[in-house]
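Comments concern the structure below.
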Amino acid sequence: MSSEAGLNAKWTRPDDFIKLQRLKQKKKQLAARVNNNNIRRPELDENDRSKLLEAKIAQKRKNPFAKSTDGAKKQKTEESTDAESMATSTPNCLATSFVKETPTRPPPAKLVLQKFDAQAFAKLLHQTNFAQADEEDDAALASQQKHTLHLPIDWCIKTRARFFCPTELPATQLKTSQLASGLTSFVRCIDMQQTETTLDISDATRFNQCTYYWQHPHLPWLTLFPRNSKENIGVTVGERERKALAEEWDYSFRGLFQLLRARQCPYFYLCANMFTVLFRAAGTGGIAETHALVTPSTRGMRHALRQEGIEFSMPLKLDATGGILNKSGENSFNEDTNDAKVEPETTKSEPKADEEEDDEAWLESLGVDERELRRIQTTHARKLKAAEMTEDFSDNSLLLIEGVECQGFFSYLLNAKSTINSVGRLAGVPPTLLAPVAFPKATMQHLVPRSKKVRLDGVDYCSIDVKGLLLPTFLPSVATLLCETRQVFSATLASNTNTLAFSKATQKLLGSVAPEASAAEGADNVFGEQNLSECGLLPSVVGAICRTGLDAVSLLERVCYQRGEGYAWS
């Protein structure tokens with residue numbers, strides 16, 4: 001035991017070692033203080049002491065949260081020099097000099113709502129793209145914008161919409177009654193302003209009603225619009241699933257087309273992997289019959305339609321002179337020169353055929369071999385095919401199918417193998433059907449809006465951002481709501497590029513109508529609106545999709561509204 005006690009006495013514990021180190025540090029600090037005090041400091045005059053005291057008083061504590069700028073530094077230096085000059089002149093009045101040198105902050109500027117400018121939001125977007133915009137560019141942009149009492153309809157599918165307003169917009173955080181009333185009014189197609197009901201009729205409920213649409217098929221793990229999404233890579237569908245999806249889609253497509261013919265559905269979209277089809281009921285878009293628009297198209301697709309006997313026209317196609325071809329079926333039939341069933345209905349085609357025969361006879365008279373003639377003919381046919389394929393997969397390749405031919409096109413889509421791709425992205429998945437009203441096998445989808453506040457030029461604006469699949473009737477529905485409850489609002493829109501041709505073609509068809517015919521079509525529009533009164537949309541929205549004339553259809557990117565002046569859009 002004595003040996004163990006002796007060993008413990010020799011070893012130093014860690015706690016004792018740390019205490020010794022701290023004691024040594026304290027001794028060193030104390031010795032340093034003693035040495036500093038022993039050093040003789042130079043004696044200061046009264047003037048030096050007063051200057052040091054004044055500088056100490058004039059010195060301000062730096063705010064760690066303040067934003068340092070060059071202007072503020074200059075202001076501080078000027079204030080300090082003024083304080084020193086005042087202090088030197090009156091050294092005995094330190095308190096008064098300190099009070100005088102304290103800067104007084106100006107009162108905060110009041111926020112004043114500026115007068116509504118239809119170009120405000122357009123200029124904001126223009127400045128984001130070009131930081132230093134000239135006044136000439138702003139004037140040119142203002143001259144391009146149009147002002148109308150009504151909002152034009154845009155038939156392309158939107159992918160994003162953002163609304164601005166200096167006052168409060170409808171709330172996006174809904175209560176239980178608002179969510180339930182908006183859902184019920186959408187499913188039952190209830191117009192809250194025209195019918196007496198016990199449902200909630202607040203602005204938030206009506207805005208929630210505008211954010212629903214119907215879709216088939218709905219596979220949550222796939223992105224069915226746009227069909228070329230990167231998220232769809234590596235998706236495989238088994239043979240059993242393909243058969244089930246095809247049967248369900250066949251029944252859904254048949255029911256939706258019957259609703260369109262009965263004018264219980266104003267329009268719907270069919271989005272395939274390679275093309276998109278817009279079916280519209282009679283009376284919409286200024287066309288008195290049921291019709292379909294297809295974009296983009298290819299030479300093979302047009303050839304297949306001709307073989308099925310389906311007539312179509314290409315409103316946006318340019319002829320050899322650079323002009324737009326007239327709306328007729330025979331223009332599209334003259335496109336394929338190698339088709340043996342081509343009927344020379346125009347007077348220009350007969351001389352061309354005679355010239356070709358004369359050329360062949362002339363070459364034969366010169367002794368040209370038959371093999372050489374075939375080579376020349378194949379080369380010429382190949383050049384013609386290349387010329388026809390130049391506009392494939394572009395907006396100019398849009399097809400218009402009207403009337404009875406639309407029924408044939410419906411049968412073609414049901415039976416064509418190209419409708420459902422067997423390879424590539426979404427192989428085996430049928431095309432996506434989108435409609436504003438319910439149809440068989442459809443799934444109801446909901447857009448999720450997000451609200452926030454934006455500060456611009458000292459003015460606070462309320463904003464609602466909506467992302468997703470926005471059908472053409474979404475913007476007129478929201479605009480009708482905001483026009484009734486707000487004095488001023490604005491909207492910016494983003495469009496899907498694959499569907500821009502729908503608005504371009506409709507605008508071209510309405511612009512080609514003669515002024516005398518447009519007056520006669522006014523009565524037809526009234527009948528069209530009356531026939532679509534039971535389609536489930538608001539009367540103002542039905543009037544927008546049936547409107548004809550100038551500025552009835554346009555591609556919309558920016559929209560501004562002010563009560564009493566109407567819409568400014570571009």
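For this chain, numbers begin at 1 and follow the sequence in order.
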### Message
One pair to check against side chain to side chain contact (heavy atoms under 4.5 Å, CB included): L426 and N421. What are the steps and the verdict?
### Response
CA-CA 8 Å; L426 298 178; N421 289 0; over 6 Å; no

#### Entry: Side chain proximity check, E557 to L493, heavy atoms < 4.5 angstrom
no

### Message
Quick check for you: to the nearest 0.5 Å, what is the distance between S185 atom OG and R206 atom CZ?
### Response
10.0 Å

### Query
Of the non-hydrogen atoms in R302 and S297, which two are nearest, and what is the gap between them?
NH1-OG, 3.0 Å

### Query
Is the backbone of D551 close enough, under 3.5 Å, to the side chain of S554 for a donor and an acceptor to pair up by distance?
no

### Task
Test C406 against F257 for side chain to side chain contact (heavy atoms under 4.5 Å, CB included), laying out the working first.
CA-CA 10 Å; C406 194; F257 187 74; 4.2 Å; yes

### Query
Can you name the nearest heavy-atom pair linking L555 to C156, along with the distance?
CD2-SG, 4.3 Å

### Task
With rounding to the nearest 0.5 Å, note down the distance linking CG in L245 to CD1 in I420.
8.5 Å

### Task
Write out all pairs satisfying salt bridge (Lys or Arg N to Asp or Glu O under 4.0 Å) with one or both partners inside residues 406-421, taking only residues at least two apart or from two chains.
none

Under 3.5 Å, which donor-acceptor pairs do the side chains of residues 442-450 form with other protein atoms, sequence neighbours left out?
unit_1: Q445; atom_1: NE2; unit_2: H218; atom_2: ND1; d: 3.1
unit_1: H446; atom_1: NE2; unit_2: N208; atom_2: OD1; d: 3.4
unit_1: H446; atom_1: NE2; unit_2: T211; atom_2: OG1; d: 3.1

### Task
Report the relative orientation of the aromatic rings in Y567 and F489; use parallel for angles under 30°, tilted for 30 to 60°, perpendicular for over 60°.
perpendicular

### Task
Would you please name every residue forming a salt bridge (Lys or Arg N to Asp or Glu O under 4.0 Å) with D465, sequence neighbours left out?
R160, R162

Side-chain atoms of residues 532-544: list all donor-acceptor pairs with protein atoms under 3.5 Å, sequence neighbours left out, distances to 0.1 Å.
unit_1: S533; atom_1: OG; unit_2: Q530; atom_2: O; d: 2.8
unit_1: S540; atom_1: OG; unit_2: T480; atom_2: OG1; d: 3.2

### Message
Do L169 and L482 have side chains that approach each other closer than 4.5 Å (heavy atoms only, starting at C-beta)?
### Response
yes

### Query
Does L456 reach the side chain of F164, with side-chain heavy atoms less than 4.5 Å apart?
no

### Query
Closest heavy-atom contact between D154 and S495?
OD2-OG, 4.4 Å

### Query
Taking atom types as modelled, is there a side-chain donor on Y267 or T473 under 3.5 Å from an acceptor on the other?
yes

### Query
In Å, rounded to the nearest 0.5 Å, how long is the span from NZ of K158 to CG of L471?
12.0 Å

### Query
Judged by modelled atom types alone, do R227 and T432 share a side-chain donor-acceptor pair under 3.5 Å?
yes

#### Entry: Taking every non-hydrogen atom, the tightest pair across R486 and C165
CG-SG, 3.5 Å

### Task
Flag the pair V294 / F312 as yes when at least one side-chain heavy-atom distance between them is below 4.5 Å, and no otherwise.
no

### Message
Is a donor from one side chain sitting under 3.5 angstrom from an acceptor on the other, for T298 and D392?
### Response
no

### Message
Let's go through V277 and L293 carefully: what are the C-alpha distance in whole Å and the side-chain angles of both, what is the deciding distance for side chain to side chain contact (heavy atoms under 4.5 Å, CB included) to 0.1 Å, and is it a yes or a no?
### Response
CA-CA 6 Å; V277 185; L293 299 172; over 6 Å; no

### Message
For a quick test of reading the model, state the closest non-hydrogen atom pair linking L256 to P440 and the distance between them.
### Response
N-CD, 4.3 Å

### Query
Do T172 and S451 get their side chains close enough for a donor-acceptor pair, meaning under 3.5 Å?
yes

### Query
Are the side chain of S397 and the backbone of P296 linked by a donor-acceptor contact shorter than 3.5 Å?
no

### Message
Rounded to the nearest 0.5 Å, what separates atom OG1 in T197 from atom CG in D191?
### Response
11.0 Å

### Message
If you count heavy atoms of other groups shown closer than 6.0 angstrom to CZ of R563, is the number above 12?
### Response
yes

### Message
Test your reading of the model: is there a side-chain donor-acceptor pair from E289 to the backbone of E402, 3.5 Å cut-off?
### Response
no

### Message
Any heavy-atom pair between the side chains of W155 and R280 that's under 4.5 Å?
### Response
yes

#### Entry: Smallest separation among heavy atoms of S463 and V454, with atom names
CB-CG2, 4.1 Å

### Task
Check D395, T295, N396 against K504 for a side chain to side chain donor-acceptor pair (under 3.5 Å) and give me the one that passes.
D395

### Donor-acceptor contact below 3.5 Å, side chain W249 vs main chain P217
no

### For T205, all residues meeting side-chain contact (heavy atoms from CB on, under 4.5 Å), sequence neighbours excluded
Q178, S181, M192, D200, S202

### Task
Give me the one residue out of F502, F410, F268 that meets ring-ring contact (aromatic ring centres under 6.0 Å, His included) with F279.
F268

### Task
Indicate yes or no for a side-chain donor-acceptor contact from T485 to the backbone of L481 under 3.5 Å, with no hydrogens or angles considered.
yes

### Derivation of the side chain to side chain contact (heavy atoms under 4.5 Å, CB included) call for L400 and L509
CA-CA 10 Å; L400 173 62; L509 293 174; 3.7 Å; yes

### Task
State whether the side chain of T184 and the backbone N or O of A180 hold a donor-acceptor pair below 3.5 Å, judged by distance alone.
yes

### Message
When you measure from the side chain of N232 to the backbone of L222, do you find a donor-acceptor pair of N or O atoms at a distance under 3.5 Å?
### Response
no

### Task
Quick one: pull up CZ in F207 and OG in S477 and give me the separation to the nearest 0.5 Å.
10.5 Å

#### Entry: Partners passing side-chain contact (heavy atoms from CB on, under 4.5 Å) against A171 (at least two apart in sequence or in another chain)
A204

#### Entry: Over 12 foreign heavy atoms within 6.0 Å of CG, L179
yes

### Whether over 12 other heavy atoms sit under 6.0 Å from I233 CD1
yes

### Task
Answer yes or no: is there a side-chain heavy-atom contact under 4.5 Å between L399 and M314?
yes

### Task
Rounded to the nearest 0.5 Å, what's the gap from CZ on R188 to CG on L183? Could you check?
9.5 Å

### Query
Can you check whether L470 reaches T159 side chain to side chain, under 4.5 Å on heavy atoms?
no

### Query
Taking C-beta and beyond as the side chain, do S418 and Y412 meet within less than 4.5 Å on heavy atoms?
yes

